[in-house]
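The basis for the numbers below is simple: all heavy atoms, side chains too, and nothing from hydrogens, waters or symmetry mates. All residue numbers refer to positions in the sequence shown, counting from 1.
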Amino acid sequence: MDEPYVRTVGFIEGDGIGPEIWRATKAVLDAAVELAYGSQRRIRWRELLAGEKAFRETGQWLPSETVEAIRELGVAIKGPLTTPVGFGIRSINVALRQVLDLYACIRPVRYIPGVPSPMKHPERVDMVVFRENTEDVYVGIEFPSGSPEAEELRRFLRERHGMEIRSGSAIGIKPMSPEGSRKLIRRAIRFALERNYPSLTLMHKGNIMKYTEGGFRQWGYDLAREEFGDRVIPESRLGEGPVPPGCVVLKDRLADQMFQQVLLRPEDYHVIATPNLNGDYLSDALAAQVGGLGMAPGANVGDQAALFEATHGSAPKYAGLDKVNPSSLILSGAMMLEHLGWMEAASAVEEALKRTISKGIMTYDLARQISSAREVTCSGFAEAVVRELEEGLSST
């Protein structure tokens, strides 16, 4: 008998509810791989430490060994991590993205029938947000009110450039580079072309921040013209004739306008590329349209490594109650399988989760909004998804 292909994948179970949703996710992913490939493929899981567990065991919030392991393995998945308030590392999530150059935060947002939504037509939402991960205000260059550094910078701007900033102001710096923006936009365009999405929209606030966010817009148009030629059609050229098959229309929208558009005309938008802070707001707002962060998967991807994650917080008050919705991490796991090229298992996970919800089997966050739902625990939801996996794959 041939030896199975074994792929080692790192996992960080996370803080708060992290261990519970990780156990649920692992059960679903292992079942999907076994049912899809039998003895031909399997995942060898390797635990990596970060967050509160890492601090308890090593005295570090993010051990260097964890970073090196993700770099070595090339792929990992994690539960939510709590950022310590008032001490310790500034943000473990941001640190991981920056040190590993995971420059693209990718957030697919699609409606799953049966999930309660505040929208009349949530089924019109089918978008993928590409959020730049390593620049913008998340770099964390800021100085507190009254600090010597803030006053020094304020004086420099006044004396050298004639710019007045009110005394006592806290000051932050928003760096955005052509290199960082182009890497993100290039990946988003390739994704749109490979998946046959009709359009890609650059979301920015370039009418006010002309050289940072306005630069993002211009660098995007320049990149599309230089590297993709006629495969990317600027929206301004749409009157010249029909869009050729296999091409993507390139749009741009102001950030405030974009928030209105995804509510009123979501069917007009497909892939969205945006700087960091805009993408943070937009991806969460879109998740709310299709049922909340509990249903929103996500990945942080670079050229050398990819880290898949639950997009919600660690919810410590629910820790140990076997109560929360593991769907965000399960769907992120499906993204991970797809990233590995294990398409059959990835598709099986998504379809099994959809069928579970279509039968009214839900965790409390969704069940409390639907009188006919059957509320189950976190682990109970995973068991129901595994049953659907078994039924779905055995019938194919």
Side-chain angles (χ1 to χ4, degrees), residues 71 74 93-108 127-141 172-238 243 246-255 257-258 269-283 298-307 335 339:
R71 187 176 282 122
N93 294 318
V94 172
L96 281 165
R97 295 165 188 169
Q98 292 179 345
V99 73
L100 291 164
D101 194 25
L102 304 177
Y103 58 84
C105 178
I106 305 173
R107 295 275 297 271
M127 303 180 209
V128 184
V129 178
F130 279 70
R131 167 193 174 197
E132 205 289 320
N133 241 353
T134 62
E135 300 189 321
D136 200 357
V137 296
Y138 270 56
V139 173
I141 305 174
I173 297 177
K174 179 187 175 75
M176 291 175 61
S177 70
E179 178 188 0
S181 299
R182 287 167 68 99
K183 283 200 302 184
L184 182 280
I185 296 166
R186 180 182 296 112
R187 183 175 282 273
I189 291 175
R190 287 175 176 167
F191 180 90
L193 288 168
E194 291 167 1
R195 306 300 178 90
N196 295 313
Y197 278 99
S199 73
L200 183 145
T201 303
L202 303 172
M203 175 185 173
H204 61 91
K205 192 61 177 171
N207 59 329
I208 303 300
M209 290 171 275
K210 300 182 185 298
Y211 306 116
T212 51
E213 304 221 1
F216 180 88
R217 172 191 180 276
Q218 189 58 52
W219 299 325
Y221 276 104
D222 292 345
L223 172 79
R225 183 184 65 256
E226 294 163 7
E227 297 189 11
F228 295 93
D230 289 339
R231 298 188 68 197
V232 178
I233 312 296
E235 188 177 28
S236 59
R237 285 178 47 194
L238 288 184
V243 177
C247 292
V248 169
V249 175
L250 181 61
K251 310 175 183 180
D252 74 270
R253 297 290 184 271
L254 296 176
Q257 179 190 20
M258 193 71 203
Y269 299 92
H270 307 95
V271 178
I272 300 169
T274 178
N276 196 306
L277 188 61
N278 292 339
D280 192 8
Y281 297 152
L282 183 71
S283 55
N300 301 290
V301 180
D303 294 332
Q304 305 301 321
L307 178 61
M335 288 180 70
H339 177 79

Item to check | Check against side-chain contact (heavy atoms from CB on, under 4.5 Å), Met258 and Ile272 | outcome: CA-CA 10 Å; Met258 193 71 203; Ile272 300 169; 3.5 Å; yes
Next on the checklist: Applying side-chain contact (heavy atoms from CB on, under 4.5 Å) to Phe130 and Ile185, what does each step give before you reach the verdict?
Outcome noted: CA-CA 8 Å; Phe130 279 70; Ile185 296 166; over 6 Å; no
Next on the checklist: Show, in sequence, the C-alpha distance, side-chain angles and deciding distance for Tyr269 and Arg253, and conclude whether the side-chain hydrogen bond (donor to acceptor under 3.5 Å, both in side chains) test is met.
Outcome noted: CA-CA 11 Å; Tyr269 299 92; Arg253 297 290 184 271; 2.9 Å; yes
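Considering all non-hydrogen atoms of both residues, Pro275 and Met176 come closest at CG-CE, 3.6 Å. Of all heavy-atom pairs between Ala305 and Leu102, the closest is O-CD2, 3.2 Å. Heavy atoms only, all atoms of each residue included: Val271 and Phe191 are closest at CG2-CD2, 4.1 Å. In this structure, Phe228 and Leu193 approach most closely via the heavy-atom pair CD2-CD1, 3.7 Å. Nearest heavy atoms, Arg71 versus Val99: NH2-O, 3.1 Å. When all heavy atoms are compared, the tightest approach of Gly298 to Met335 is N-SD, 3.9 Å.
With rounding to the nearest 0.5 Å, the separation of CG in Asn207 from CD in Gln257 is 10.0 Å. Rounded to the nearest 0.5 Å, atoms CZ (Arg237) and CG (Leu250) are 11.0 Å apart. Of the inter-residue distances, the one linking Arg131 atom CZ with Thr274 atom OG1 reads 9.0 Å to the nearest 0.5 angstrom. Rounding to the nearest 0.5 Å places CD of Glu226 at 9.5 Å from CZ of Arg186. One finds the CG atom of Asp280 at 9.5 Å from the CG atom of Asn133 (value rounded to the nearest 0.5 Å). Within the model, atoms CD of Glu213 and CG of Leu254 stand 9.5 Å from one another, a figure rounded to the nearest 0.5 Å.
Within the 4.5 Å cutoff, the side chain of Asp303 has heavy atoms near those of the Arg187 side chain. At a threshold of 4.5 Å between non-hydrogen side-chain atoms, the residues Val128 and Ile106 count as touching. Side-chain contact between Asn300 and Leu96 is absent, with no heavy atoms from C-beta onward closer than 4.5 Å. Side chains of Arg107 and Leu282 form no contact here, defined as non-hydrogen atoms less than 4.5 Å apart.
Residue-environment remark: CD (Glu179) stays at or below the threshold of 12 foreign heavy atoms within 6.0 Å. Other residues, nucleotides and ligands place more than 12 heavy atoms under 6.0 Å from the OH atom of Tyr221. Applying the 6.0 Å contact sphere to CD of Glu235 captures more than 12 heavy atoms from other residues, nucleotides or ligands.
Ionic pairing of Lys183 and Glu135 is not present here: no N-O contact between side-chain nitrogen and carboxylate oxygen is shorter than 4.0 angstrom.
Side-chain atoms of Arg231 never come within 3.5 Å of backbone atoms of Cys247 as a donor-acceptor pair (strictly under, hydrogens ignored). Side chain of Asp101 to main chain of Gly302: no donor-acceptor pair is present (N/O by atom type, distance under 3.5 Å, no hydrogens or angles).
Between His270 and Tyr197, the ring planes are tilted. Angles from 30° to 60° get that label.
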